[in-house]
Amino acid sequence: MIELFYETDFELKDAQTWIDWIVESMKNEGKTLEDLNYIFCDDEYLLQINRQYLDHDYYTDVIGFDNSIEDELMGDIFISVERIKDNAEQNGVSFENELARVVIHGILHFAGYMDKEPDDKELMTAKENQYLETFSSYLNQ
């Protein structure tokens, strides 16, 4: 079960489409989704979480708290909508594309993918791209 929460004025359009895409993507990975929460917030909200729980004093686009047990994915994924907007502009992509990348990036961590080492980052990016390719088909249903 995926729940969406909003700690900012932003609200995800076509939320069920996004949820269906996440569920199908993780089925493709051999995973099921249990209690998964996406919390959309602003920079300051996520900065406070970063400081309080990770002892980091910088802005970021996504933070996940993974409570998964084997192939059952669960936890909380916090996403800064402000960072997504800025990153989309910097990367020359649409807001929706950048948001989809970060949404899938967060859950891929729960599925066991990492991105600290160059080889891991390359695989993570390949997985993100794989699922981004399927995303447009969900939006066009």
Side-chain angles (χ1 to χ4, degrees), residues 1-56 58-141:
M1 179 168 140
I2 298 176
E3 291 198 58
L4 307 175
F5 298 93
Y6 303 96
E7 296 294 333
T8 184
D9 292 339
F10 170 80
E11 191 165 322
L12 197 60
K13 294 178 183 159
D14 301 317
Q16 190 58 53
T17 300
W18 286 76
I19 290 169
D20 292 346
W21 172 62
I22 296 163
V23 168
E24 285 303 312
S25 297
M26 291 305 100
K27 277 186 187 175
N28 189 59
E29 293 291 326
K31 311 292 183 186
T32 59
L33 298 173
E34 294 301 318
D35 292 320
L36 181 65
N37 301 308
Y38 278 92
I39 302 95
F40 298 93
C41 57
D42 61 22
D43 276 346
E44 292 305 316
Y45 189 98
L46 198 52
L47 178 61
Q48 290 306 316
I49 289 172
N50 212 5
R51 287 175 176 160
Q52 183 175 353
Y53 296 102
L54 302 176
D55 203 27
H56 297 156
Y58 54 81
Y59 293 112
T60 188
D61 52 3
V62 61
I63 294 175
F65 295 96
D66 185 4
N67 298 317
S68 301
I69 300 171
E70 296 180 10
D71 290 335
E72 294 180 353
L73 306 184
M74 59 188 97
D76 300 315
I77 298 173
F78 293 83
I79 296 175
S80 170
V81 177
E82 288 177 288
R83 280 301 95 220
I84 301 304
K85 286 178 185 172
D86 287 350
N87 290 347
E89 287 176 18
Q90 288 177 11
N91 296 328
V93 298
S94 70
F95 171 81
E96 190 173 70
N97 179 274
E98 186 65 17
L99 180 60
R101 181 176 296 281
V102 172
V103 163
I104 205 69
H105 179 91
I107 195 65
L108 283 169
H109 274 300
F110 289 13
Y113 295 95
M114 298 298 130
D115 59 2
K116 296 294 182 208
E117 299 299 322
D119 287 349
D120 293 338
K121 186 173 178 65
E122 188 177 318
L123 179 57
M124 173 70 89
T125 301
K127 283 291 180 178
E128 290 170 5
N129 290 338
Q130 172 188 337
Y131 292 116
L132 283 173
E133 286 180 20
T134 67
F135 182 65
S136 60
S137 66
Y138 279 87
L139 288 181
N140 295 325
Q141 290 181 352

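Just so it is clear, the structure is predicted and the values come from calculations on it, not from any experiment. Keep in mind that the numbers below use all heavy atoms, side chains included, and drop hydrogens, waters and symmetry copies.
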Excluding sequence neighbours, so at least two apart, what forms side-chain contact (heavy atoms from CB on, under 4.5 Å) with [X]?
{"X": "Glu44", "result": "Asp42, Leu47, Tyr59"}
{"X": "Leu54", "result": "Asn50, His56, Ile63"}
{"X": "Glu122", "result": "none"}
{"X": "Asp76", "result": "Asn37, Ile39, Phe78"}

Look up atom [atom1] in [X] and atom [atom2] in [Y], then write down how far apart they are to the nearest 0.5 Å.
{"X": "His109", "Y": "Ile104", "atom1": "NE2", "atom2": "CD1", "result": "12.0 Å"}
{"X": "Ile107", "Y": "Leu36", "atom1": "CD1", "atom2": "CG", "result": "4.5 Å"}
{"X": "Leu73", "Y": "Glu34", "atom1": "CG", "atom2": "CD", "result": "8.5 Å"}
{"X": "Met26", "Y": "Tyr131", "atom1": "CE", "atom2": "OH", "result": "5.0 Å"}
{"X": "Glu96", "Y": "Leu132", "atom1": "CD", "atom2": "CG", "result": "10.5 Å"}
{"X": "Ile19", "Y": "Leu12", "atom1": "CD1", "atom2": "CG", "result": "8.0 Å"}

Less than 4.5 Å apart, any side-chain heavy atom of Leu99 and any of Phe95? yes
Identify, with sequence neighbours excluded, every residue that meets ring pair (Phe, Tyr, Trp, His ring centres under 6.0 Å) alongside [X].
{"X": "Phe40", "value": "Tyr6, Phe10"}
{"X": "Tyr53", "value": "Phe65"}
{"X": "Phe5", "value": "none"}

Do any pairs count as a salt bridge (charged side-chain N to carboxylate O under 4.0 Å, His left out) and have a residue in [range], sequence neighbours left out, and if so which ones?
{"range": "residues 82-92", "result": "Asp43-Arg83, Arg83-Asp86"}
{"range": "residues 61-74", "result": "Lys31-Asp71"}
{"range": "residues 97-115", "result": "Arg101-Glu128"}

What one should report as the nearest heavy-atom pair of Ala88 and Ser94 is CB-O, 3.7 Å
Which residues pass the side-chain hydrogen bond (donor to acceptor under 3.5 Å, both in side chains) test with Gln16, sequence neighbours left out? Asp20
Could you go through the ring pair (Phe, Tyr, Trp, His ring centres under 6.0 Å) check for Trp18 and Phe135 one step at a time? CA-CA 8 Å; Trp18 286 76; Phe135 182 65; 4.6 Å; yes
Sorted by chain and residue number, the salt bridge (Lys or Arg N to Asp or Glu O under 4.0 Å) partners of Lys27 (sequence neighbours excluded) come out as Glu24
Side chain Asn97, main chain Val93, donor-acceptor under 3.5 Å: no
